Novice: 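Sending over a structure as structure tokens; questions will come in a sec.
Computed from a predicted model, the values in this text were never measured in an experiment.
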Amino acid sequence: MSEQKINIRLSVLDLAPVIAGNTPADSFRNTLDLARHAEEWGYHRYWLAEHHNMPGIASSATSVIIGHVAGGTKTIRVGSGGIMLPNHAPLVIAEQFGTLESLYPGRIDLGLGRAPGSDQAAARALRRGLGSGGQDFPELLSELQAYLKPPAGANMSVRAVPGEGLDIPIWLLGSSGFSAQLAGQLGLPFAFASHFAPEYLLPAIELYRSNFRPSEALDKPYVMIGLNVVAADTVKEADRLATSQQQQFLNLIRGRTARLSPPVDSMEDLWHEHERALVQKQLSYAIVGDQDTIRKRLPAYLEETGADECIVASQIYDHEARLKSYQLLAGAVNLK
């Protein structure tokens, strides 16, 4: 007898991890391979995230890698999770995503965030001459929207070509209440970064829904939540694979950046008790285990949040094990 279908749309969040001993070129090959498999297994969209000055993340030129993935797949939606808008002139993003939408019509998503996606030194290097620390995000967003859909009767002295007139879904991403409230007021879909900031998830969702105003984009709220999932044939193996991500978060807590480390049999010799608590707190919206674990834990998260979609990050060192994790998740949910 087949397992009962879990009614949720699943998508992939790919940080294009650079593992110890490999190069970004290896990461890009793995990204396209994962995207092709995700398409086959029934995942809805495939998003890549903008990060800078991080040796373990290769997706800094996010628009370029989106084109690489879209060009190598056929049906899956491909987009940004997200583009950090204060790092860019809105016209540039309108043109880049207008180009992507022109090349791959009906398949491109534009997810936007207001954080730098980097440390302060990299943020200064990226924002040279822009004078932005993220506070002007609403104004940047309004400018971007005007390039894509000029207001009726507007005499645009600068136009986005390509970009103007194209239907490119805009999402707002956030890890606090700011983007949640703004997304609600503008009637845009909202994605929360619960894969690294879980404690603010429920208040942000409530803020989004309570501020929601119907728009051309949406007639009712649409919430996507981020989940960390590490799945394997056994719980023991999943626990071991998950130590790569735990090491990554431990490095961030200690102010270090590094390539994704191989898994270890135990983390006990690597962290102190308070560090263990901090890592586990940041990874509290995670599912680590076998398919039975997924079938038990995922419905609880969905009931708690009322999410319409889950976007899944799986920071797993071995590429074949990472593929297997996404395949097991798709099978547990019965995507197809």
Side-chain angles (χ1 to χ4, degrees), residues 3 10-49 51 54-59 65-66 68-78 81 195 226-251 258-267 270 283 286-295 297-298 310-336:
E3 297 287 341
L10 286 183
S11 295
V12 175
L13 176 62
D14 183 9
L15 301 180
V18 185
I19 68 172
N22 276 17
T23 67
D26 298 311
S27 300
F28 298 145
R29 283 190 288 270
N30 290 340
T31 281
L32 184 54
D33 188 48
L34 174 58
R36 286 170 170 164
H37 280 89
E39 182 174 74
E40 176 188 345
W41 295 329
Y43 285 86
H44 183 61
R45 63 183 98 236
Y46 196 101
W47 279 7
L48 294 126
H51 291 278
M54 292 188 174
I57 298 176
S59 51
I65 192 67
I66 288 171
H68 174 62
V69 171
T73 52
K74 297 177 181 178
T75 58
I76 195 168
R77 298 192 65 87
V78 188
H195 59 293
L227 284 180
N228 296 290
V229 177
V230 178
D233 288 327
T234 67
V235 174
K236 182 178 181 181
E237 177 60 14
D239 285 339
R240 183 176 181 276
L241 293 174
T243 61
S244 292
Q245 186 173 49
Q246 290 169 349
Q247 292 175 76
Q248 186 177 54
F249 273 81
L250 179 61
N251 282 330
R259 296 184 177 187
L260 191 66
S261 299
V264 294
D265 292 330
S266 173
M267 289 288 294
L270 300 181
L283 293 174
I287 301 175
V288 178
D290 58 10
Q291 284 190 317
D292 285 340
T293 309
I294 294 169
R295 294 186 186 108
R297 295 284 301 280
L298 183 56
C310 293
I311 191 162
V312 176
S314 297
Q315 292 290 85
I316 297 173
Y317 180 83
D318 179 74
H319 179 60
E320 294 302 320
R322 191 170 181 230
L323 290 177
K324 182 68 175 293
S325 179
Y326 278 105
Q327 184 179 24
L328 289 171
L329 173 60
V333 176
N334 285 331
L335 283 182
K336 295 188 115 178

Novice: Are Arg295 and Asp292 within salt-bridge range, i.e. N to O under 4.0 Å?
Specialist: yes
Novice: Once side-chain contact (heavy atoms from CB on, under 4.5 Å) is applied, do any residues pair with Val264, and if so which ones, sequence neighbours excluded?
Specialist: Thr243, Gln247, Met267, Leu270
Novice: Just jot down the side-chain contact (heavy atoms from CB on, under 4.5 Å) partners of Ala16, sequence neighbours excluded, or say none.
Specialist: Asp14, Thr31, Ala58, Ser59
Novice: Does any N or O in the side chain of Arg297 come within less than 3.5 Å of the main-chain N or O of Ala286, such that one atom is a donor and the other an acceptor?
Specialist: yes
Novice: Between the side chain of Asn251 and the main-chain N/O of Gln248, is any donor-acceptor distance below 3.5 Å?
Specialist: no
Novice: Can you list the residues that meet the side-chain contact (heavy atoms from CB on, under 4.5 Å) rule with Arg77, with sequence neighbours excluded?
Specialist: His44, Arg45, Asp109, Pro169
Novice: Give a yes or no on whether the backbone of Gly21 and the side-chain of Arg259 come within a donor-acceptor separation of less than 3.5 Å.
Specialist: no
Novice: Can you confirm whether Tyr46 sits close enough to Thr73 that some side-chain heavy atom of one is under 4.5 Å from a side-chain heavy atom of the other?
Specialist: no
Novice: I need the full list of salt bridge (charged side-chain N to carboxylate O under 4.0 Å, His left out) pairs touching residues 31-42, with sequence neighbours left out, sorted by first then second residue.
Specialist: none
Novice: Look at the side chain of Ser244 and the backbone N and O of Ser261, then say whether any donor-acceptor pair between them is shorter than 3.5 Å.
Specialist: yes
Novice: Under the salt bridge (Lys or Arg N to Asp or Glu O under 4.0 Å) test, which residues partner Asp318, sequence neighbours left out?
Specialist: none
Novice: Are side-chain heavy atoms of Thr293 and Ile287 found at a separation under 4.5 Å?
Specialist: yes
Novice: Is any side-chain heavy atom of Leu323 less than 4.5 Å from a side-chain heavy atom of Trp41?
Specialist: yes
Novice: State, yes or no, whether a side-chain contact exists between Trp47 and Ser11 at a heavy-atom distance under 4.5 Å.
Specialist: no
Novice: I want to check something: taking the side chain as every heavy atom from C-beta on, are Tyr43 and Leu34 in contact at a cut-off of under 4.5 Å?
Specialist: no
Novice: Going by heavy atoms in the side chains, are Leu328 and Asp233 under 4.5 Å from each other?
Specialist: yes
Novice: Output all residues satisfying side-chain contact (heavy atoms from CB on, under 4.5 Å) with Asn30, sequence neighbours left out; order by chain, then residue number.
Specialist: His319
